Amino acid sequence: MSKKRVLTGVTTTGIPHLGNYVGAIRPAIRAARQENTESYLFLADYHGIIKCHDPKLIHESTQAVAATWLACGLDPERTTFYRQSDIPEILELNWILTCITAKGLMNRAHAYKAAVQDNLDKGQEDQDHQIEMGLYSYPILMTADILMFKANDVPVGRDQIQHVEMARDIAGRFNHRFKELFVLPEAKIDEGVEILVGLDGRKMSKSYGNTIPLFESEKKLQKSVNKIVTNLKEPGEPKQPDESPLFEIYKAFSTAQETAEFTQMLADGLAWGEAKKLLGAKLNAELAPQRERYETLMANPADIEDILQAGAHKARAEARVLLDQVREAVGISRLK
Ligand code: TYM
């Protein structure tokens, strides 16, 4: 039986946060440990430069995202672990896929639509004001990432489902028009995990600056948790899970039984302050050992680089084979 392929990436625009961890990093590493899987986990730095125009931040974030993957248990012996920009074949594939992607499909992408809506809300006459092509065609680059390594399963948070569906669509179009070369990928969502909400009540996101970073010190972590919004209900008053985003975070780090107990405690009037202490302790229990590894890795960037270069070597050799087939299928090959 052929092995199942798992692939996912994290954009290098900031320090990884709890949402990245529960949405993608943790499920991807669990999947990578299964006997019957081959895994491809990477740093999406070409995606990073779409929204972030600060070179220093992109560079520092690349180190932080790589250290996070490794600290969370990625085993580079089992997983092909690489930086997107070290695999130029992905960009070649990106162009070929761009040539067959319907513009209408890109018009429907959430990130582009949100940027258009933002312009309209601001009364801009040009709905595309300041929207760059990187943002517009972002899902095609993500498609190239996924198709390049024939991924079956793509563990992502719910905000990325649309992009994986687009990858499937584009793969189907290529297969139909030229040759059955691409595997149709599927988004894998951790059922117990919702999109985590950040400190300002919007989706927790590196680009909103509202995150709880994964590996801050225990003290800082508790401080961040204390900032999560709640309502004004007093200790002793019954509380519902949907009254504060802290519940979904608690749930993402707990078993079903622990979540049920927490729900009951809130219903019994647990004070928000106490709930935050319980959440801080829960997060720390899971993250503390990984935090220690993260700090060691962050102090040794050359070691990380060696691992990434070895991963790129493996990944490129494989990418080249598929890319040659793709080029041939569209009519690009040497004259004989
Ligand atoms: P990025 O860097 O925005 O996020 C990385 C992963 O974290 C998930 N995530 C969340 N999950 C739950 N709650 C949140 N608040 C939250 N915020 C982020 C995301 O769903 C994602 O799975 N385009 C991708 C990176 C990428 C990629 C790929 C992923 C590039 N190429 C190929 C899979 C396959 C992105 O921007 O992720």
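Remember, it's 1-based here, ligands and their atoms both numbered in the order they're listed. When a residue number appears, it is its place in the shown sequence, counting from 1. Since this is a predicted model, take the numbers as computed values, not measurements. Side chains are part of it too, since the values below use all heavy atoms of this structure and drop only hydrogens, waters and symmetry mates.
Any N or O atom pair closer than 3.5 Å counts here, and G19 shares at least one such pair with ligand 1. At least one N or O atom of N20, backbone or side chain, sits closer than 3.5 Å to an N or O atom of ligand 1. The shortest N/O to N/O separation between K206 and ligand 1 falls below 3.5 Å. For ligand 1, the polar-atom distance check against H163 finds no nitrogen or oxygen pair separated by under 3.5 Å.
Close contacts of ligand 1 with T11, meaning ligand atoms under 4.0 Å from a residue heavy atom, involve 1 (P), 2 (O), 24 (C), 25 (C), 35 (C), 36 (O), 37 (O). Short contacts between ligand 1 and A24, defined as distances under 4.0 Å to a heavy atom of the residue, involve ligand atoms 6 (C), 22 (O). Which parts of ligand 1 touch V156 is read off a 4.0 Å heavy-atom cut-off, strictly below it: atoms 22 (O), 33 (C). Taking every heavy atom of I146 and a limit of under 4.0 angstrom, the matching atoms of ligand 1 come to 32 (C), 34 (C). Near T8, meaning under 4.0 Å from any of its heavy atoms, are these atoms of ligand 1: 29 (C), 33 (C). Residue A44 approaches ligand 1 through these ligand atoms, each under 4.0 Å from one of its heavy atoms: 30 (C). Of all atoms in ligand 1, numbered sequentially from 1 with element shown, those under 4.0 Å from a heavy atom of G23 are 11 (N).
Nearest-heavy-atom check against atom 31 (N) of ligand 1 across L196, T211, D145 picks out D145. Proximity annotation for atom 27 (C) of ligand 1: of G157, G9, P27, G9 comes nearest, heavy atoms only.
Contacts of T13 with ligand 1, taken as heavy-atom pairs under 4.0 Å, are absent altogether. Using a 4.0 Å cut-off between heavy atoms, M204 contacts ligand 1 through both its backbone and its side chain. Only side-chain heavy atoms of F42 come within less than 4.0 Å of ligand 1; its backbone N, CA, C and O stay farther off. Counting heavy atoms under 4.0 Å from ligand 1, residue V154 touches it through the side chain alone.
From the protein, the heavy atom lying nearest to atom 21 (C) of ligand 1 is Q160 CG, 3.9 Å. Ranking protein heavy atoms by distance to atom 20 (O) of ligand 1, first place goes to D159 OD1, 2.5 Å. Protein heavy atom nearest atom 28 (C) of ligand 1, with residue, atom name and distance: M142 CG, 3.4 Å.
Side chain to side chain, Q257 and E261 meet the donor-acceptor criterion of an N or O pair below 3.5 Å. Remark: the E318 side chain and the Y40 side chain contain an N/O donor-acceptor pair separated by less than 3.5 Å. Using modelled atom types and a 3.5 Å distance limit, the side chains of T230 and E243 yield no donor-acceptor pair.
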Evaluate salt bridge (Lys or Arg N to Asp or Glu O under 4.0 Å) for E274 paired with K277, printing each intermediate quantity in order.
CA-CA 5 Å; E274 290 304 313; K277 275 191 205 150; 3.4 Å; yes

Between R334 and E328, does a salt bridge (Lys or Arg N to Asp or Glu O under 4.0 Å) hold up when you go through it step by step?
CA-CA 9 Å; R334 295 218 170 144; E328 175 113 29; over 6 Å; no

Is there a side chain to side chain donor-acceptor pair (under 3.5 Å) between N119 and Q127? Walk through the geometry before answering.
CA-CA 6 Å; N119 277 332; Q127 65 163 26; over 6 Å; no

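Salt bridge K188/E186: present, at least one basic N to carboxylate O contact under 4.0 Å. Contact check on R173 versus D169 returns no salt bridge, with no Lys/Arg side-chain nitrogen under 4.0 Å from an Asp/Glu carboxylate oxygen. For the pair R291 and E295, the salt-bridge criterion is not met [side-chain N within less than 4.0 Å of a carboxylate O].
At least one heavy atom of H17 sits closer than 4.0 Å to an atom of ligand 1. Using a non-hydrogen distance threshold of 4.0 Å, Y138 registers as a contact of ligand 1.
Aromatic rings from F253 and Y21 are positioned such that their centres are separated by under 6.0 Å.
At distances below 3.5 Å, at least one donor-acceptor pair connects side-chain atoms of S244 with backbone N or O atoms of V229. For Q84 (side chain) and Y46 (main-chain N/O), a donor-acceptor pair under 3.5 Å exists by modelled atom type.
The aromatic rings of Y82 and F42 sit parallel to each other, their planes meeting at less than 30°, with 60° as the upper class boundary.
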